[in-house]
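Everything below concerns the one structure shown next.
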Amino acid sequence: MDDHSLICETLSAALDSEDGLHAESVSSVDAAFDRISENGRFDIILLDYDVPGMDGLNGLRRLIDANKGAVALFSGVANRMVVERAIDAGASGFIPKTLPFRTLKHAVRLIAEGELYLPGEFMRRVPDEQSTDLGLKPRELRVLGFLCEGMQNKEIGREIGVEETIIKMDVKSICRKMGARNRTQVVIEAMKRGVF
């Protein structure tokens with residue numbers, strides 16, 4: 001859903017042409033409600049921050065309730081504070097309009113599988129001393145960075161050069177050290193603490 005119809009239609013057509021993806025577009029929060037009522041739950045909804053009916057983040061919250069989750073903020077103007085509030089409200093991620101299409105497809109599939117997506121550049125910022133005091137080993141800190149980019153264990157293993165089983169153990173260790181139940185909570189906690 002995007003308030004600029006050209007972007008919306010182009011993105012919708014591009015996603016629809018991909019194997020295993022079917023995309024539809026609407027131009028307001030109310031129209032999205034109607035579509036959910038007609039067709040049932042969508043695997044993912046990309047919601048533009050400026051779309052009519054947003055009313056701050058109230059439109060996002062209403063769509064999350066109506067769709068039972070899987071709503072991601074899609075914007076070129078949302079700042080860090082807006083994105084953090086959206087994640088706190090239950091958004092499944094933030095997809096900037098500047099994202100390359102290949103990465104956008106990856107993000108869409110990731111969210112459709114129930115994961116949280118935040119772009120790496122959004123997560124990277126200079127951590128303060130307090131936020132880095134997590135007790136993470138150097139490789140665990142690298143794994144956390146890749147988790148924040150939305151990468152799967154197998155992809156992280158390839159990137160670092162270790163077996164997927166080792167990455168799984170690292171993720172469990174990171175969850176334990178950060179007091180999180182799963183990788184999604186780890187990413188949210190990393191964002192709150194300003195680790196990346």
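Computed over heavy atoms, backbone and side chain alike; hydrogens, waters and symmetry mates excluded.
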Of all the heavy-atom pairs spanning [X] and [Y], show the shortest one and how long it is.
{"X": "V29", "Y": "R62", "result": "CG1-NH1, 4.1 Å"}
{"X": "L116", "Y": "A91", "result": "CD1-O, 3.7 Å"}
{"X": "A190", "Y": "L144", "result": "CB-CD1, 4.1 Å"}
{"X": "F33", "Y": "L63", "result": "CZ-N, 4.0 Å"}
{"X": "V187", "Y": "L147", "result": "CG2-O, 3.6 Å"}
{"X": "A86", "Y": "L73", "result": "CB-CD2, 4.0 Å"}

Got a salt bridge between [X] and [Y], using NZ or NE/NH1/NH2 to carboxylate O under 4.0 Å?
{"X": "K97", "Y": "D48", "answer": "yes"}
{"X": "R142", "Y": "E159", "answer": "no"}
{"X": "D30", "Y": "R35", "answer": "no"}

Give, for atom [atom1] of [X] and atom [atom2] of [Y], the distance between the pair rounded to the nearest 0.5 Å.
{"X": "S75", "Y": "F94", "atom1": "OG", "atom2": "CZ", "result": "5.5 Å"}
{"X": "K68", "Y": "R41", "atom1": "NZ", "atom2": "CZ", "result": "8.5 Å"}
{"X": "I160", "Y": "E155", "atom1": "CD1", "atom2": "CD", "result": "12.0 Å"}
{"X": "I167", "Y": "F146", "atom1": "CD1", "atom2": "CZ", "result": "9.0 Å"}
{"X": "K172", "Y": "E140", "atom1": "NZ", "atom2": "CD", "result": "13.5 Å"}
{"X": "R183", "Y": "M151", "atom1": "CZ", "atom2": "CE", "result": "10.0 Å"}

For the pair I64 and R61, evaluate side chain to side chain contact (heavy atoms under 4.5 Å, CB included) and give the outcome as yes or no after the intermediate values.
CA-CA 5 Å; I64 289 169; R61 291 184 185 94; 5.5 Å; no
Apply side-chain hydrogen bond (donor to acceptor under 3.5 Å, both in side chains) to E18 and list each qualifying residue two or more places apart in sequence or on a separate chain.
K105
Going through the checks in order, is the side chain to side chain contact (heavy atoms under 4.5 Å, CB included) test met by L60 and Y49?
CA-CA 9 Å; L60 170 76; Y49 182 61; over 6 Å; no
With heavy-atom distances below 4.5 Å as the criterion, would you say the side chains of [X] and [Y] are in contact?
{"X": "E115", "Y": "Q152", "answer": "yes"}
{"X": "L11", "Y": "F74", "answer": "yes"}
{"X": "F42", "Y": "V71", "answer": "no"}
{"X": "Q185", "Y": "C175", "answer": "no"}
{"X": "I87", "Y": "L118", "answer": "yes"}
{"X": "L15", "Y": "L104", "answer": "yes"}
{"X": "K137", "Y": "K177", "answer": "yes"}
{"X": "D43", "Y": "L21", "answer": "no"}

Could you walk me through whether I111 and I95 satisfy the side chain to side chain contact (heavy atoms under 4.5 Å, CB included) test, starting with their C-alpha distance in whole Å, then the side-chain angles of each, then the deciding distance to 0.1 Å, before giving a yes or no?
CA-CA 10 Å; I111 292 169; I95 300 179; 4.0 Å; yes
Give the C-alpha distance, both sets of side-chain angles, the deciding distance and a yes or no for side chain to side chain contact (heavy atoms under 4.5 Å, CB included) between L47 and M54.
CA-CA 9 Å; L47 178 63; M54 252 311 252; 3.5 Å; yes
So S12 and E24, side chain to side chain donor-acceptor pair (under 3.5 Å) or not? Walk me through it.
CA-CA 6 Å; S12 183; E24 300 179 29; over 6 Å; no
